[in-house]
Amino acid sequence: MTPLCLVLLWMGSTDAPAPEPSPIPPAEPPTAQGTVVTATRLPRPLRDVPATVIVLPRAEIDRSPSLTQDGLLRTVPSVATFRRTSSLVSDPTAQGLNLRGLAPSGVSRSLVLVDGVPANDPFGGWVYWRALPRLGLDRVEIVPSGGSALYGSAALGGVVQLFSRPLTGPLLEGDVAYGMLNTGQLSARGAHRWGSVGAALETELLTTGGHPVVAASQRGAIDQDTPGNHVTLNGRVEAEVSPALRLDARLSLFRENQNGGTTYTTARAESGLASAGAQLTPPGAGQFALQLFGRLQHFEQRRARVAADRSSEALSARQDVPANEQGASLTWTGPTWTLGGAHVLTAGADVRRVEGTSDEQLFVPNPSPTTPALRSAGGEQRFAGLFLQELYTVTPALEFTAALRWDTWRNVNGERRVEQVGGGVETEAFADRGEHQLSPRLGARLRPLERLTLRASGYRSFRAPTLNELYRPFQVGTVLTAANARLGAERLTGGEAGAEVQGPRGLTARLTGFWNELEDPIINATLATPLPDGTSRQRQNLGRARVRGLEAGLDWRVARAWTVLLAYTFVDSEVRDAPGNPELVGKQLAQDPQHRGTALVTFDAPALFTAMVQLRVTGPQFEDDLNTRRMGGYAVVDASVSRRLVGGLEVFAAAENLFDREYLVGRAGVDTIGQPFLARLGLRLRERP
């Protein structure tokens, strides 16, 4: 399949009925609480979408005490990363996103988008949270249910999409802050509009001295703080060429350096993304949207061989992972037509190509002539998909949605090459492999009373293994995990049903139940007998797991300046079938707590001050698939306060883990702990409303 030149055919996606689209939507989707896009790939009133959608609006993002995007998202109990560590000190490969406790792993089982462009690492599927825009962010939409019918592979467990702010101006905004752990941040955004042309430029620089991550009881002479830094640069431009045609383009650059707490545990990432899009609305023919993107990425990591008492270490491996991807999509949204109600069709096609290699230099003590010295493995993946959706509004009180997507993908040119100390070379070429998948989704929304909305949907989703899972071995602490070139796709069958009630004084209550059956999930399985190089785990398709639970939420504007938000997610996960590993049956999925909750209180009186206090509670979970390494639950309090000085200039203070609660985040051979108390003070420049 030649890159990008294949099927830019016809077909698209969505997930709930919509009114006839306007000739050209606004440059940015409307306000977050009124209208959402991700669940249907169309602007839709939030109350009308027949799937659960959680929205973090701009005001809440600005007030958040969290310094990183993963910290911001973790305030939603249904959102988690593989490990409980902040991306401020954690290796990106341990920061895979999961929604509703769907089999957490270092590889995300949910798709992250920025204005429709994938943000997941093309080689490994994890997310560089610190690369995502913050100052230029308008809102975040979270759809925590199977999304493959609309978005294909990587959306197995749902979609998180970040939307950029409208291009208006002239506008200049910025943040500068400094705090504990030698943590400093500088960010700025400028935007302007010249008639039909708008542009914005955003940058962020952050540096931190980090903190000791190894628990004090196990800390040794080699353990130190975890310094890190990153820089981002994002540029956007859009032009309304005519009333029927709009063009846009984006360029994003990112670089990150991290130290994992010892001299020889470091990571570095660099990436560059370019994208371009066009929206055309011919009279009476609906709307066409074309999107092209390309990304270059490079990830480097060093691993250490650590003495049992952590008194000394030696370099054990140096790994370089260059990767690139290209993608294109074309969607069409038709005009509304009537037959027993209102109908809107959306159809589209997309293609994507990913190529990457893991080049690893090994430093083995007392090597023999046959000891591996260099190991290289990688290949190429090619994806293509077609999708179609209908949104059917029977009456204003009743809507149905139906979507169907067909995907095909192939793993090609896979190869592993090992050079030995004595000069010998072993090469293994992996056979090309391909699979196909049909992903349906059905949904309904009923509003029997104006203040009561009922929702239900069912879906079938999938996720193809990444090049990382197929070819790249890795190490966490003292635990080595091998790759597996024979992995197959994961598949999910599930559904959700819930109710939303709107009461007086801005009170909104929600309750949703969900049930997911995950087939052939890819896990890090503990091997009965370690491999010759000491590897004790290997990626394997497990068999079958069930993940079910409840989500509950309450939003309440108690008074003019006071708002209370409560949210809770219960997840019951269980391995139901594990061929070759019968001891896993009945076990809870690793890194998957049953209970997560958030309580958030906001006071917003601009003439006085604005303050937010949030409590985040996470229940106990297991580090490993055998459920032998337990990590206790914890609760942390975060807070922020800001006061306007003059014009749009504000002074602010923020604190994470206000009471300095110590809690475990990992037990992979050594116990590691989460971020301690971190306070910062700064100035903020914002456009006044």
Side-chain angles (χ1 to χ4, degrees), residues 61-75 81 83-92 94-95 127-137 173-189 202-214 216 219 223-233 254-262 265-269 611-614 616 634 636-643 650-663 665 672-686:
I61 295 168
D62 234 5
R63 290 191 293 256
S64 173
S66 303
L67 188 57
T68 59
Q69 294 289 41
D70 55 305
L72 170 69
L73 287 172
R74 272 194 287 261
T75 61
T81 55
R83 297 190 183 277
R84 308 192 289 196
T85 317
S86 166
S87 65
L88 204 61
V89 298
S90 176
D91 189 309
Q95 291 285 298
V127 181
Y128 296 99
W129 295 107
R130 291 162 66 172
L132 301 181
R134 183 69 177 256
L135 194 56
L137 190 59
E173 297 183 335
D175 292 340
V176 58
Y178 187 78
M180 300 172 65
L181 309 181
N182 290 322
T183 300
Q185 178 191 16
L186 174 65
S187 57
R189 178 179 184 265
E202 175 188 351
T203 187
E204 179 179 275
L205 297 91
L206 187 148
T207 182
T208 179
H211 62 89
V213 294
V214 175
R219 208 170 293 164
D223 294 305
Q224 56 194 29
D225 289 341
T226 51
N229 59 74
H230 77 257
V231 58
T232 64
L233 181 65
F254 170 68
R255 179 167 182 168
E256 177 182 55
N257 294 285
Q258 287 189 331
N259 182 290
T262 77
T265 54
T266 63
R268 181 169 69 91
M612 170 188 284
V613 177
Q614 65 184 25
R616 295 184 292 117
Y634 66 95
V636 296
V637 175
D638 308 322
S640 69
V641 61
S642 64
R643 174 76 164 88
E650 302 175 359
V651 60
F652 73 92
E656 298 180 72
N657 196 0
L658 188 61
F659 299 106
D660 202 21
R661 173 81 158 87
E662 183 172 306
Y663 56 94
V665 296
T672 52
I673 56 176
Q675 179 178 292
F677 173 48
L678 172 60
R680 64 190 191 278
L681 179 69
L683 294 174
R684 176 184 296 147
L685 181 64
R686 291 291 185 271

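Shown here for Ile673 and His211, the closest heavy-atom pair between the two residues is O-CE1, 3.9 Å. Closest non-hydrogen pair, Ala177 versus Arg680, comes out as CB-CD, 4.4 Å. Listed here is the closest heavy atom pair of Pro65 and Ala639: CB-O, 3.4 Å. Scanning both residues, Ser90 and Thr85, for their nearest heavy atoms gives CB-CG2, 3.6 Å.
Side chains of Ser642 and Arg63 form no contact here, defined as non-hydrogen atoms less than 4.5 Å apart. Using a 4.5 Å cut-off on side-chain heavy atoms (C-beta onward), Leu658 and Phe677 make contact. Looking at Val127 and Gln69, their side chains never come closer than 4.5 Å, going by heavy atoms from C-beta outward. The closest side-chain heavy-atom distance from Glu202 to Leu135 is below 4.5 Å. Side-chain atoms of Thr207 and Asn182, non-hydrogen and from C-beta on, never get closer than 4.5 Å to each other. Within the 4.5 Å cutoff, no side-chain heavy atoms of Leu67 are placed close to those of Thr208. Looking only at side-chain heavy atoms (C-beta outward), Gln258 and Thr226 stay at 4.5 Å or farther from each other. Looking only at side-chain heavy atoms (C-beta outward), Leu681 and Met180 stay at 4.5 Å or farther from each other.
For Arg268, the salt bridge (charged side-chain N to carboxylate O under 4.0 Å, His left out) partners two or more places apart in sequence, or in a different chain, are Glu270, Glu300. In this structure, the ring-ring contact (aromatic ring centres under 6.0 Å, His included) partners of Tyr634, at least two apart in sequence or on a different chain, are Tyr663. Residues forming a side chain to side chain contact (heavy atoms under 4.5 Å, CB included) with Ser64 (at least two apart in sequence, or on another chain): Ser66, Leu72, Arg134. For Arg189, the salt bridge (charged side-chain N to carboxylate O under 4.0 Å, His left out) criterion is met by no residue, not counting sequence neighbours. Legend: residues meeting side chain to side chain contact (heavy atoms under 4.5 Å, CB included) with Ser87, ordered by chain and number and at least two apart, are Thr68, Asp70, Gln95, Trp129, Arg130. Under the rule for a salt bridge (charged side-chain N to carboxylate O under 4.0 Å, His left out), Arg219 has no partner lying at least two apart in sequence or in another chain.
Rounded to the nearest 0.5 Å, atoms CD (Gln675) and CZ (Arg84) are 14.5 Å apart. If you take CG on Leu186 and CG on Asp175, they are separated by 8.5 Å, rounding to the nearest 0.5 Å. The structure places CG of Leu206 at 6.0 Å from CG of Leu88, a figure rounded to the nearest 0.5 Å. Atom CG of residue Leu181 and atom CG of residue Asp225 lie 7.5 Å apart, to the nearest 0.5 angstrom.
At distances below 3.5 Å, at least one donor-acceptor pair connects side-chain atoms of Thr203 with backbone N or O atoms of Thr232. Asp638 contributes a side-chain N or O that, together with a main-chain N or O of Asn657, makes up a donor-acceptor pair within less than 3.5 Å. A donor-acceptor pair under 3.5 Å is absent between the side-chain atoms of Thr672 and the main chain of Val213, judged by distance alone. Formation of a donor-acceptor pair under 3.5 Å by the Asp223 side chain with backbone atoms of Pro212 is not found in this model.
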Test side chain to side chain contact (heavy atoms under 4.5 Å, CB included) applied to Val651 and Arg643, step by step: CA-CA 5 Å; Val651 60; Arg643 174 76 164 88; 4.1 Å; yes

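His230 and Glu204 are linked by a side-chain donor-acceptor pair at a separation below 3.5 angstrom, with hydrogens and angles left out of the test.
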